[in-house]
Amino acid sequence: MTSKSDTLIEVKDLSVHFPIKTRKLFKTEAQMLRAVDGVSFDIKRGETVGLVGESGSGKTTVGRAILRAIDPTDGEVIFHRKNKGDIDLAHASEAELRKVRSKMNMAFSEGGGGIKVHTLAGDLLRAFRPEMSLVFQDPYSSLNPRMTVRDIIAEPLVAAGKIKDREKIDARVREIAARCKLNLEHLRRFPHAFSGGQRQRICIARALVSKPKFVVCDESVSALDVSIQAEIVNLLKDLQDEMGVSFLFIAHDLSVVAQMSHRVAVLYVGKFVEYAPTEKLFFAPKHPYTHALLSAIPTADPDASYDPIRLQGEIPNPLAAPSGCRFHTRCPFAKERCSAEQPDWREIEPEHFVACHYAEDFDFSRS
Ligand code: SF4
């Protein structure tokens, strides 16, 4: 049973809409692209949540909105942290909260919970930034070729301005580089001297140097060879065990997500369709879209115990998202109700959420 104090990040009804102008003949029309449309979930301390879905489903936008790399249109992102005196802010007394509030000068959610990340701006946002970080997909373009590895890894510490002493920065860089299994002699070199796997280790060291509590890994192993992918996944897991960091692991390769994640959320045209512990989601999915994604994973078992669904057509354009259930245009089980009525986001079993009118009728179990 999870207690509230285990929760690190709470995302409530998060939406990100982009105003778009489209040209039709001689007219320009303003439209709203609903990239993310009301997603809710939580991430526990030291947990990895996988986020999957086809390209264009809104995975990257969810990650960036939580990090405040882009501003959410609506909804809340609450960050529950323990302060240096190990006071759990979710359960702190009013007196403790007052003390911490004045010390941290942060925006707190009503009711004495965590920090309202979606409201932070200016200095407060800058002060908060080291708590969360990002590992990019492309280890080639995300490293400045003119900076040494030492300077690249040190960048977040320098930007935050909390540690000014060069020796202390060097000590922290050496510590995290060693943890990321980088050779300390490499710190003086430039990124071009390294392979894809080594570059991704540099990116991970940069993301973790400020000891963030939460890191978004956005397709962070997708550009790597399979053997290197396994090395990086193992490295991330080791770092999680050592540092207690939580990850949002965004990927389109479900087998990598299964290795890495404790729970997995499935996104379709900006909305969650299923969210469950990894084993439950992979062995007993309840949403036809999840089943279709899993059906696409090659299996060596000719006697697989389930009927696969092959996805037909393309993911719909979020500018013209289908009515009712957004998956109804591709769902082989769709009924009349599906195009008229949007399914509720329901907890059908403990910690297993799904948005489908008929989830209880399906048995997509794999043995
Ligand atoms: Fe398919 Fe209807 Fe369920 Fe949507 S609500 S997934 S269209 S059965």
Side-chain angles (χ1 to χ4, degrees), residues 1-14 36 39-51 59-69 72 75-92 96-97 100-101 103-104 106-120 124-125 127-135 156 160 176 204 207-218 220 236-251 257 260-265 267 272 275-278 347 350-351 353:
M1 182 81 187
T2 309
S3 75
K4 191 78 178 166
S5 62
D6 291 334
T7 303
L8 179 73
I9 306 270
E10 243 183 309
V11 178
K12 298 183 193 167
D13 280 327
L14 183 75
V36 176
V39 305
S40 299
F41 66 117
D42 63 82
I43 301 174
K44 296 170 200 165
R45 294 175 204 286
E47 180 187 41
T48 300
V49 168
L51 186 51
K59 306 184 295 290
T60 293
T61 311
V62 171
R64 294 193 180 206
I66 295 173
L67 294 179
R68 289 294 309 279
E76 296 183 3
V77 178
I78 312 288
F79 180 90
H80 297 274
R81 61 160 291 168
K82 293 183 179 182
N83 76 346
K84 282 183 189 154
D86 228 17
I87 298 169
D88 181 350
L89 296 179
H91 294 101
E96 286 169 331
L97 272 177
V100 178
R101 256 189 205 111
K103 202 165 152 192
M104 292 176 61
M106 288 276 187
F108 281 78
S109 69
E110 277 138 40
I115 296 160
K116 293 190 281 185
V117 179
H118 56 285
T119 66
L120 297 177
L124 285 183
L125 183 55
F128 179 73
R129 287 256 181 246
E131 301 285 355
M132 306 211 267
S133 189
L134 173 69
V135 181
I176 196 67
I204 292 168
L208 291 174
V209 73
S210 58
K211 299 186 180 173
K213 309 285 183 304
F214 173 64
V215 175
V216 174
C217 298
D218 189 359
S220 303
L236 289 169
K237 284 166 127 180
D238 289 347
L239 290 167
Q240 183 168 58
D241 289 344
E242 288 167 27
M243 301 173 73
V245 60
S246 303
F247 292 118
L248 180 66
F249 191 80
I250 299 171
V257 170
M260 185 68 205
S261 311
H262 299 96
R263 289 188 288 169
V264 179
L267 194 64
F272 276 179
Y275 184 41
T278 304
E347 189 170 15
E351 295 205 32
F353 295 83

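Just the heavy atoms: all of them, side chains too, but no hydrogens, waters or symmetry mates, feed the values below.
A207 and P212 get closest at one heavy-atom pair: O-CG, 3.2 Å. Taking both residues in full, the closest heavy atoms of A65 and P72 are given as O-CG, 4.2 Å, listed atom of the first, atom of the second, then distance. The two residues R263 and I43 come nearest to each other via the heavy atoms NH2-CA, 4.2 Å. L14 and V36 get closest at one heavy-atom pair: O-CG1, 3.4 Å. Closest heavy-atom contact between P130 and S210: O-OG, 3.4 Å. The two residues L8 and S246 come nearest to each other via the heavy atoms CD2-OG, 3.4 Å.
Panel note: side chain T48, backbone H262; no donor-acceptor pair is recorded below 3.5 Å. Proximity of a side-chain donor or acceptor of S220 to a complementary backbone N or O of V135 within less than 3.5 Å is detected. Between the side chain of T7 and the main chain of K44, no donor-acceptor pair closer than 3.5 Å is present. With Y275 contributing its side chain and D42 its backbone, the two residues share a donor-acceptor pair below 3.5 Å. Side-chain N or O atoms of R68 include one that pairs as donor or acceptor with a backbone N or O of L120 at under 3.5 Å. A donor-acceptor pair under 3.5 Å is absent between the side-chain atoms of E347 and the main chain of F353, judged by distance alone.
Not a single ring-ring contact (aromatic ring centres under 6.0 Å, His included) links F214 to another residue, sequence neighbours left out. For R129, there are no side-chain hydrogen bond (donor to acceptor under 3.5 Å, both in side chains) partners two or more places apart in sequence or in a different chain.
The CD1 atom of I176 lies 10.0 Å from the CD1 atom of I204; values are rounded to the nearest 0.5 Å. Rounding to the nearest 0.5 Å gives a distance of 9.5 Å between OG1 of T119 and CG of L125. Note: K211 NZ to M243 CE = 7.0 Å, rounded to the nearest 0.5 Å. To the nearest 0.5 Å, the span separating CD on E76 from NZ on K116 amounts to 7.5 Å. A distance of 11.0 Å separates CD1 in I9 from CD in E47, rounded to the nearest 0.5 Å. Rounding to the nearest 0.5 angstrom, the gap separating the CG atom in L239 from the NZ atom in K237 is 12.5 Å.
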* Stepwise side chain to side chain contact (heavy atoms under 4.5 Å, CB included) test for I115 and E131 -> CA-CA 11 Å; I115 296 160; E131 301 285 355; over 6 Å; no
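Ring-centre distance between F41 and F272: below the 6.0 Å cut-off.
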